[in-house]
Amino acid sequence: MALTKEQIAQRIAKEVKDGYYVNLGIGIPTLVANFVRDDIEVEFQSENGILGMGPFPFEGEEDPDLINAGKQTITALPGASFFDSALSFSMIRGQHVDLTILGAMEVAQNGDIANWKIPGKMVKGMGGAMDLVASAENIIVAMMHTNRAGASKLLKQCSLPLTGVNCVKKIVTNLAVLEIKEDKFHLLERAPGVTVEEIKKATEGDLIIPTEVPEMSL
Amino acid sequence: MITKTVKNVTEACKGVKDGMTFMLGGFGLSGIPENAIAELVRLNVKDVTCISNNAGVDDFGLGLLLQKKQIKKMISSYVGENAEFERQMLSGELEVELIPQGTLAQRARAAQSGIPAFYTPAGYGTEVAEGKESREFNGKMHILEHAFKADFAFVKAWKGDTAGNLIFKGTARNFNPNMCGAANITVAEVEELVPAGSLDPNQIHIPGILVQRIFEGEKYEKRIEQRTVRKR
């Protein structure tokens with residue numbers, strides 16, 4: 001069975017280590033916070049200016065002066081801090097943030113990523129994504145393996161306008177966990193019940209398949 | 001002490017003209033200069049360029065200026081929540097320059113700090129880099145970005161004093177501190193204006209030297225864009 005969006009987030013949460021400062025993008029990445037182990041210390045950064053982001057507020061306690069990068073009302077945890085946008089991106093460009101998790105429309109086998117524009121159709125803007133992918137050492141992409149039309153999102157080359165070049169190292173999809181090395185996708189794990197054949201079929205880019213591909217544990 | 005207080009928003013916006021470039025603080029609808037925006041709508045200034053991370057929503061924030069077709073050009077990083085914006089952009093009525101969010105903040109900060117340009121890795125190898133100088137530092141490619149030039153910066157703080165000192169609250173801080181002193185004239189509006197000397201100097205985020213005019217906003221709607229809550 002292919003993973004649900006929640007399960008993709010659950011698998012990615014296992015990549016979050018004790019002591020990490022983590023930036024979560026909008027969509028599936030936001031869900032990762034729900035699955036991080038309780039016995040490790042992690043702080044979430046939201047690029048609009050908070051470190052130590054907490055869960056959504058209780059009804060009636062929403063504060064218009066306290067939102068995340070998705071403009072959702074949030075809370076601040078003990079030890080949280082607020083800062084301006086320049087300092088926020090100093091944390092990102094200066095590589096003080098340990099892990100960046102974001103969504104994508106396309107990823108290429110050389111690590112290029114596209115996630116901000118579909119020419120003639122959708123132009124929302126890049127927000128902080130270009131700063132994040134250009135600077136982060138540790139980027140995990142969370143996305144579905146194929147788009148709504150069933151076409152692969154793991155490509156030899158991106159067809160959409162790029163967000164960043166040679167930057168993605170790891171991808172977790174509804175079908176598999178993959179790593180990008182030497183301009184190729186390397187299959188690391190498959191979703192429970194999903195065959196290597198299915199993953200191969202859904203991947204347009206070059207895919208290196210080891211003899212053993214373990215099922216992922218969530 | 002140098003006093004920065006002006007009577008009201010009308011006095012604060014004196015000198016605003018057609019064709020000018022404005023910087024506006026705020027992220028989404030959080031920390032936007034609501035009173036200055038309302039005044040710009042009332043003044044009906046045309047053909048303005050707005051530098052702001054977002055473009056408001058259809059009926060609030062910069063969306064109000066868009067509705068009246070007062071904006072010639074927007075410089076933003078994310079404009080996803082505004083249907084009228086999308087319509088004007090796709091029809092070519094509105095010129096739009098989309099830039100990375102960190103670059104937007106730093107271009108404001110550069111203007112504030114007297115730094116004409118800087119190199120950043122953000123956008124290298126993308127549309128954003130087209131026509132820009134690029135250079136390698138420590139084995140990594142960067143592009144040259146320039147400080148903004150603007151006639152007015154409109155910012156919103158939580159508290160301020162008559163000397164122009166500002167304190168921000170929560171994530172409503174965002175771009176506001178970076179835009180102070182980044183334009184020829186910085187207009188700060190605050191929820192609460194107090195006499196100089198009543199704020200603790202240790203707690204001030206932006207010193208009054210970066211602010212030319214300060215006033216207490218008549219009212220703040222502080223609209224929430226995405227109300228998300230959890231059950232008790």
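Below, chains carry the letters A, B, ... as their sequence lines are ordered, and counting in each starts from 1.
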Could B/Arg230 and A/Phe58 be counted as a cation-pi pair, given that NZ or CZ must be under 6.0 Å from the ring centre and within 45° of the axis? yes

Quick one: salt bridge (Lys or Arg N to Asp or Glu O under 4.0 Å) partners of A/Lys14, sequence neighbours excluded? none

So which part of A/Asn68 gets closer than 4.5 Å to some heavy atom of chain B, the side chain, the backbone, both or neither? backbone

Would a 4.5 Å heavy-atom cut-off, applied to side chains only, mark B/Tyr124 and A/Met130 as touching? no

Walk me through it: do B/Ile224 and A/Glu62 pass the test side-chain contact (heavy atoms from CB on, under 4.5 Å)? CA-CA 9 Å; B/Ile224 290 175; A/Glu62 311 92 282; 3.9 Å; yes

For A/Thr163, which atoms come within 4.5 Å of any heavy atom of chain B: side chain, backbone, both, or neither? backbone

Spacing of A/Trp116 atom CH2 and B/Thr126 atom OG1 [to the nearest 0.5 Å]: 7.0 Å

Check whether B/Phe27 forms a cation-pi arrangement with A/Lys71 (NZ or CZ under 6.0 Å from the six-membered ring centre, at most 45° off the ring normal). yes

Student check: side-chain heavy atoms of A/Glu47 and B/Gln101 closer than 4.5 Å: yes

Carboxylate-amine/guanidinium contact A/Asp63 B/Lys169, below 4.0 Å: yes

Considering only heavy atoms and a distance below 4.5 Å, find which of B/Gly125, B/Ser30, B/Ala172, B/Gly28 pairs most often with chain A. B/Ser30

Counting N and O atoms only, with roles assigned by atom type, does the side chain of B/Thr171 sit under 3.5 Å from a partner on the main chain of A/Ile67, one being a donor and the other an acceptor? yes

Does some side-chain heavy atom of A/Thr73 sit less than 4.5 Å from a side-chain heavy atom of B/Gln226? no

So, using salt bridge (Lys or Arg N to Asp or Glu O under 4.0 Å) as the criterion, who are the partners of B/Glu127 when residues are at least two apart? A/Lys117

Please confirm whether the backbone N or O of A/Ala134 pairs with a side-chain atom of B/Lys140, one donor and one acceptor, at under 3.5 Å? yes

Using heavy-atom distances under 4.5 Å, tell me whether A/Glu61 contacts chain B through its side chain, its backbone, both, or neither. side chain

Cut-off 4.5 Å, heavy atoms of chain B, and the answer for A/Phe82 is both

Could you walk me through whether A/Asp84 and B/Asn174 satisfy the side-chain contact (heavy atoms from CB on, under 4.5 Å) test, starting with their C-alpha distance in whole Å, then the side-chain angles of each, then the deciding distance to 0.1 Å, before giving a yes or no? CA-CA 5 Å; A/Asp84 65 66; B/Asn174 57 65; over 6 Å; no

Check whether any side-chain heavy atom of A/Met126 sits under 4.5 Å from a side-chain heavy atom of B/Leu98, and report yes or no. yes

Determine yes or no for a side-chain-to-main-chain donor-acceptor pair under 3.5 angstrom, with B/Arg223 supplying the side chain and A/Pro64 the backbone. no

Could you tell me whether the side chain of A/Asp65 reaches within less than 4.5 Å of the side chain of B/Lys222, counting heavy atoms only? yes

Minimum side-chain heavy-atom gap A/Lys124-B/Val79 below 4.5 Å: no

